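Read the structure below first, then the notes.
Every value quoted in this text rests on a predicted model; they were computed, and no experiment measured them.
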Amino acid sequence: MIPGMNKKQMKQMERQMKKMGMNMEELPGVTEVIIRFEDKELIIDDPSVSLMKVMGQETYQIEGNSREVELEYEIEIPQDDIEMVANQANVSADEAEQALIDCKGDLAEAIMKLNQ
């Protein structure tokens, strides 16, 4: 249901949409909607979701309060990278690995950090 519309207005709008080949329906039972970005997720709990079909295309309308969650990925550092950084910066493998983790796997940045 569209906020601010009464039932009569909603029925009139549905009839007009049907004449134009549009179909809109409420999706019952949706408990959560997640929109994923590269570095975060937008989570909408207990949303109101509507599906509109027009000329073979589906459009979803989502209403609700959202919250943002930052994503953290664990980086796998290859042993070759650890050895190269350790040799270039003249440090132990443990120090090289920690520098690579801190620099999210960026070899040049890790070497520069260790040489400071």
Side-chain angles (χ1 to χ4, degrees):
M1 179 127 172
I2 298 173
M5 287 189 117
N6 63 37
K7 286 188 177 192
K8 185 177 180 184
Q9 290 172 321
M10 194 65 185
K11 286 290 182 190
Q12 289 174 342
M13 187 178 83
E14 286 174 1
R15 279 196 294 272
Q16 290 298 322
M17 287 172 59
K18 197 167 198 158
K19 285 181 186 177
M20 295 186 300
M22 298 168 66
N23 181 21
M24 188 168 184
E25 63 184 87
E26 192 80 19
L27 298 179
V30 179
T31 58
E32 182 178 69
V33 174
I34 300 173
I35 301 172
R36 287 197 176 94
F37 297 89
E38 283 184 21
D39 59 342
K40 65 183 176 184
E41 289 181 343
L42 195 60
I43 300 174
I44 304 165
D45 294 310
D46 197 30
S48 171
V49 180
S50 300
L51 170 62
M52 184 168 58
K53 295 180 183 179
V54 181
M55 293 189 251
Q57 294 289 322
E58 293 183 349
T59 303
Y60 294 86
Q61 177 178 324
I62 304 164
E63 297 175 32
N65 295 323
S66 66
R67 59 187 163 94
E68 212 172 274
V69 176
E70 297 293 323
L71 297 177
E72 293 182 24
Y73 294 102
E74 189 170 316
I75 299 171
E76 290 185 32
I77 309 291
Q79 192 61 38
D80 291 344
D81 289 357
I82 294 170
E83 289 173 10
M84 186 174 82
V85 170
N87 290 336
Q88 291 291 319
N90 203 24
V91 296
S92 71
D94 290 338
E95 289 175 296
E97 184 176 13
Q98 188 56 52
L100 283 164
I101 290 170
D102 294 344
C103 297
K104 296 184 173 117
D106 188 319
L107 298 172
E109 186 179 344
I111 293 168
M112 287 175 34
K113 177 182 178 178
L114 290 167
N115 283 332
Q116 288 180 351

What are the two closest heavy atoms between E38 and L71, and how far apart are they? O-CD1, 4.2 Å
Are L100 and E97 side-chain neighbours, meaning at least one heavy-atom pair lies under 4.5 Å? no
Assess whether atom CG of N90 is packed by more than 12 heavy atoms of other residues, nucleotides or ligands within 6.0 Å. no
So how far is it from I101 CD1 to I77 CD1, rounded to the nearest 0.5 Å? 6.0 Å
Same cluster or not: M13 versus M20, using hydrophobic residues (I, L, V, M, F, W, Y) connected whenever any side-chain heavy atoms lie under 4.5 Å apart? yes
Between CD1 of I43 and CZ of R67, what distance do you get to the nearest 0.5 Å? 4.0 Å
Hydrophobic cluster membership, M17 vs M10, 4.5 Å side-chain cutoff: yes
What I'd like to find out is whether the side chain of Y60 reaches to under 4.5 Å of the side chain of L27, using heavy atoms alone. yes
Could you state whether V91 and M112 fall into the same hydrophobic cluster, counting links through intermediate Ile, Leu, Val, Met, Phe, Trp or Tyr residues with side-chain heavy atoms under 4.5 angstrom apart? no
Chi angles and distances behind the side chain to side chain contact (heavy atoms under 4.5 Å, CB included) call for T59, Q61: CA-CA 7 Å; T59 303; Q61 177 178 324; over 6 Å; no
Out of curiosity, E32 CD to I44 CD1, how far, rounded to the nearest 0.5 Å? 9.5 Å
I would like to know whether Q9 and N6 meet side chain to side chain contact (heavy atoms under 4.5 Å, CB included); could you show each step before the answer? CA-CA 5 Å; Q9 290 172 321; N6 63 37; 3.3 Å; yes
What is the minimum heavy-atom distance between N115 and A89, and which atoms define it? OD1-CA, 3.6 Å
Distance from E68 atom CD to E41 atom CD, nearest 0.5 Å? 10.5 Å
Measure the CD1-CE distance between I82 and M84 for me, rounded to the nearest 0.5 Å. 11.5 Å
Heavy-atom closest contact (A86 atom, A96 atom, distance): N-CB, 3.6 Å
Identify, with sequence neighbours excluded, every residue that meets side-chain hydrogen bond (donor to acceptor under 3.5 Å, both in side chains) alongside N87. none
For atom CD of E58, decide whether the heavy atoms of other residues, nucleotides or ligands shown that lie under 6.0 angstrom number more than 12. yes
Membership question, hydrophobic clusters at under 4.5 Å side-chain separation (ILVMFWY): are M55 and M24 in the same one? yes
If I take atom NZ from residue K113 and atom CD from residue E109, how far apart are they, to the nearest 0.5 angstrom? 8.0 Å
More than 12 heavy atoms from other groups under 6.0 Å of CD on Q57: no
Is any side-chain heavy atom of N65 closer than 4.5 Å to one of D45? no
Go through the structure and list residues passing side-chain hydrogen bond (donor to acceptor under 3.5 Å, both in side chains) with E95, not counting sequence neighbours. S92
I'd like to know if L51 and V54 are part of one continuous hydrophobic network [Ile/Leu/Val/Met/Phe/Trp/Tyr, side-chain heavy atoms within less than 4.5 Å]. no
